[in-house]
Amino acid sequence: MTIQDFIPPPYTKMIENASVSYQSPSNIALVKYWGKHGEQLPQNASISFTLSNCKSETTLDFKKKTKGGYDFKVYLDGHREKEFEPKIEKFFNRVAPYLPFINEYRFVIKTQNTFPHSSGIASSASGMSALAMCLVGLESQLNDPKNERLQNKQYQLQKASFLARLGSGSAARSINGPLVVWGAHPKIKGSSDLFGTTYPYKVHDNFTNYHDTILLVDKAEKQVSSTVGHDLMHNNPYAKQRFEKANSNLEQLISIFETGDLDSFIALVESEALQLHAMMMASSPYFILMKPNTLKIIDSIWGFRKATNSKVCFTLDAGANVHVLYPSSEKQQVQQFIKNELSIFCKDGSYIDDFTGTGASTI
Ligand code: PMV
């Protein structure tokens with residue numbers, strides 16, 4: 001697939017006004033994407049678990065207008081959110097070549113997240129993927145109903161991931177599930193820099209319904225955005241080695257997923273999380289997104305694992321919150337451990353239980 005495959009032929013249908021609604025989840029990367037080039041293309045391949053509970057629910061109302069600039073309003077939880085509008089404008093600019101209808105409609109985007117806005121959980125992956133699904137949903141109604149390629153569900157999901165990527169790189173991995181690869185990798189068939197693809201090989205039962213409890217350590221907006229963080233990889237002295245390491249870690253995961261080797265999984269996933277943050281510390285200017293409680297949680301997880309032989313582990317995204325990952329067979333004991341020993345390190349004691357899911361769907 002190339003970029004050209006996402007430029008549609010002239011539309012054959014006309015719709016005056018209608019509405020589409022989709023929900024799309026967040027995802028948590030096991031091998032991290034950190035560093036990009038060109039138009040939102042990743043410097044290395046990444047893989048994530050798609051989540052279930054943490055999601056955005058978005059409705060796109062649209063009404064035909066005469067051509068001209070973009071016309072849209074964004075509502076979050078029923079309130080106009082002007083702060084989001086520059087981000088959406090930038091997104092519209094990027095997707096316009098692939099969605100020629102975009103300046104022919106007046107849009108109202110109504111969105112809500114199932115997780116609290118101020119939780120420090122990035123809503124860009126779920127939010128951008130839900131919006132991309134809505135736009136593809138609208139486009140499928142404008143396209144020739146007899147055109148098999150354009151009406152093919154698989155193609156539409158690929159296009160949604162392609163568009164979501166232009167809003168936020170990691171959003172490309174939220175359309176499908178439960179394991180999604182984004183970024184071309186020589187050992188992963190079908191993988192592409194342009195969109196996310198469902199992991200195509202054998203996955204051991206140990207990874208079915210994998211759990212992720214998100215510990216909310218810091219709910220404030222982070223001091224360094226991921227856009228700035230990605231950018232700083234251009235001058236990072238360890239960037240090349242990092243990109244190579246991420247790709248070799250992904251290759252190693254293929255046999256880990258096949259055999260269900262949880263000890264190797266833990267070692268790889270925790271190392272990935274710490275490498276991501278090591279890149280931040282090695283950037284110029286350097287920065288640290290972890291907080292003292294992030295480290296206390298990591299220390300407690302290591303202590304618990306040593307004492308109980310549990311297969312619980314942690315990962316981090318670009319923030320202070322900790323994602324606690326564990327197999328569903330350990331659900332009871334790990335959730336008890338979180339409640340008794342980790343929740344004290346969370347802001348207002350708050351955390352969110354989640355598990356792997358299958359991606360975006362209509363509402
Ligand atoms: O999608 P962005 O641009 O917000 O970048 C997200 C990067 C990480 O969450 C830190 C890693 C990843 O692969 O999701």
Side-chain angles (χ1 to χ4, degrees), residues 24-51 54 56 84 87 90-91 94 113 119-132 161-177 179-183 185 191 193-197 199 212 214 218 221-234 236 239 242-243 245-247 249-250 253 268-283 287-290 294 314-323 325 354:
S24 191
S26 186
N27 68 71
I28 181 66
L30 305 170
V31 171
K32 311 287 180 182
Y33 144 67
W34 196 244
K36 58 181 167 181
H37 66 101
E39 194 166 50
Q40 296 278 99
L41 299 169
Q43 293 279 18
N44 61 263
S46 58
I47 187 165
S48 51
F49 276 140
T50 304
L51 298 179
C54 291
S56 298
F84 284 6
K87 196 163 185 201
K90 195 165 157 198
F91 173 63
R94 283 193 184 148
N113 298 325
S119 59
I121 298 181
S123 59
S124 60
S126 55
M128 284 299 176
S129 54
L131 179 56
S161 174
F162 173 88
L163 298 173
R165 182 197 103 238
L166 294 171
S168 167
S170 58
R173 297 188 311 241
S174 277
I175 304 290
N176 300 311
L179 272 171
V180 177
V181 176
W182 169 47
H185 191 288
S191 60
D193 280 356
L194 299 179
F195 47 82
T197 48
Y199 178 72
D212 176 8
I214 307 158
D218 188 21
E221 192 153 327
K222 49 191 185 217
Q223 306 102 312
V224 180
S225 71
S226 36
T227 310
V228 172
H230 284 291
D231 237 29
L232 290 171
M233 285 302 278
H234 289 299
N236 189 307
R242 164 62 201 152
F243 302 143
K245 185 68 181 155
N247 284 329
N249 276 345
L250 183 46
L253 266 180
L268 190 148
V269 165
E270 291 190 345
S271 167
E272 270 291 318
L274 295 179
Q275 278 178 44
L276 167 70
H277 285 259
M279 288 303 109
M280 299 173 190
M281 293 182 214
S283 291
F287 60 105
I288 299 179
L289 295 183
M290 290 185 285
T294 311
F314 73 87
T315 189
L316 307 166
D317 57 18
N321 294 337
V322 181
H323 289 249
L325 301 176
D354 212 337

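Counting from 1, the numbers follow the sequence of the chain as shown. These numbers come from the heavy atoms of this one structure, side chains and all, not from hydrogens, waters or symmetry mates. Counting convention: from 1, in listed order, for ligands and their atoms alike. What you see is a predicted model, and the numbers here were worked out from it, not measured in a lab.
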*asked:* Tell me the contacting part of S170 for ligand 1: side chain, backbone, both, or neither, using a 4.0 Å heavy-atom threshold, strictly below.
replied: both
*Taking side chain to side chain contact (heavy atoms under 4.5 Å, CB included) as the test, write out the residues that go with S225, two or more places apart.*
T227, V228
*Evaluate the side chain to side chain contact (heavy atoms under 4.5 Å, CB included) criterion for residues L325 and L30: first the C-alpha distance (whole Å), next the side-chain angles of each, then the deciding distance (0.1 Å), finally the verdict.*
CA-CA 10 Å; L325 301 176; L30 305 170; 3.8 Å; yes
*Taking the non-hydrogen atoms of K36, is any one of them nearer than 4.0 angstrom to ligand 1?*
no
*If you count the atoms of ligand 1 from 1 in the order shown, which ones are under 4.0 Å from a heavy atom of S226?*
2 (P), 3 (O), 4 (O)
*Does the N or O separation between W34 and ligand 1 drop below 3.5 Å for any pair?*
no
*Test H230 against W34 for side chain to side chain contact (heavy atoms under 4.5 Å, CB included), laying out the working first.*
CA-CA 6 Å; H230 284 291; W34 196 244; 3.7 Å; yes
*Provide the number and element of each atom of ligand 1 under 4.0 Å from a heavy atom of S168.*
1 (O), 2 (P), 4 (O)
*Under 4.0 Å from any heavy atom of R173, which atoms of ligand 1 are there?*
12 (C), 13 (O), 14 (O)
_Contact between Q275 and N249 at the side-chain level, heavy atoms closer than 4.5 Å - yes or no?_
yes
_Using a 4.0 Å cutoff against the non-hydrogen atoms of A29, which atoms of ligand 1 qualify?_
12 (C), 13 (O), 14 (O)
*So, do D212 and F49 sit near enough that their side-chain heavy atoms are less than 4.5 Å apart?*
no
*Does an N or O from H230, backbone or side chain, lie closer than 3.5 Å to an N or O of ligand 1?*
yes
*Any side-chain heavy atom of L316 sitting closer than 4.5 Å to one from H277?*
yes
*Would you find more than 12 non-hydrogen atoms of other residues, nucleotides or ligands less than 6.0 Å from I288 atom CD1?*
no
*asked:* List ligand 1 atoms under 4.0 Å from A318, heavy atoms only on the residue side.
replied: 10 (C)
_Could you tell me, atom by atom, which parts of ligand 1 come under 4.0 Å of a heavy atom of G169?_
1 (O)
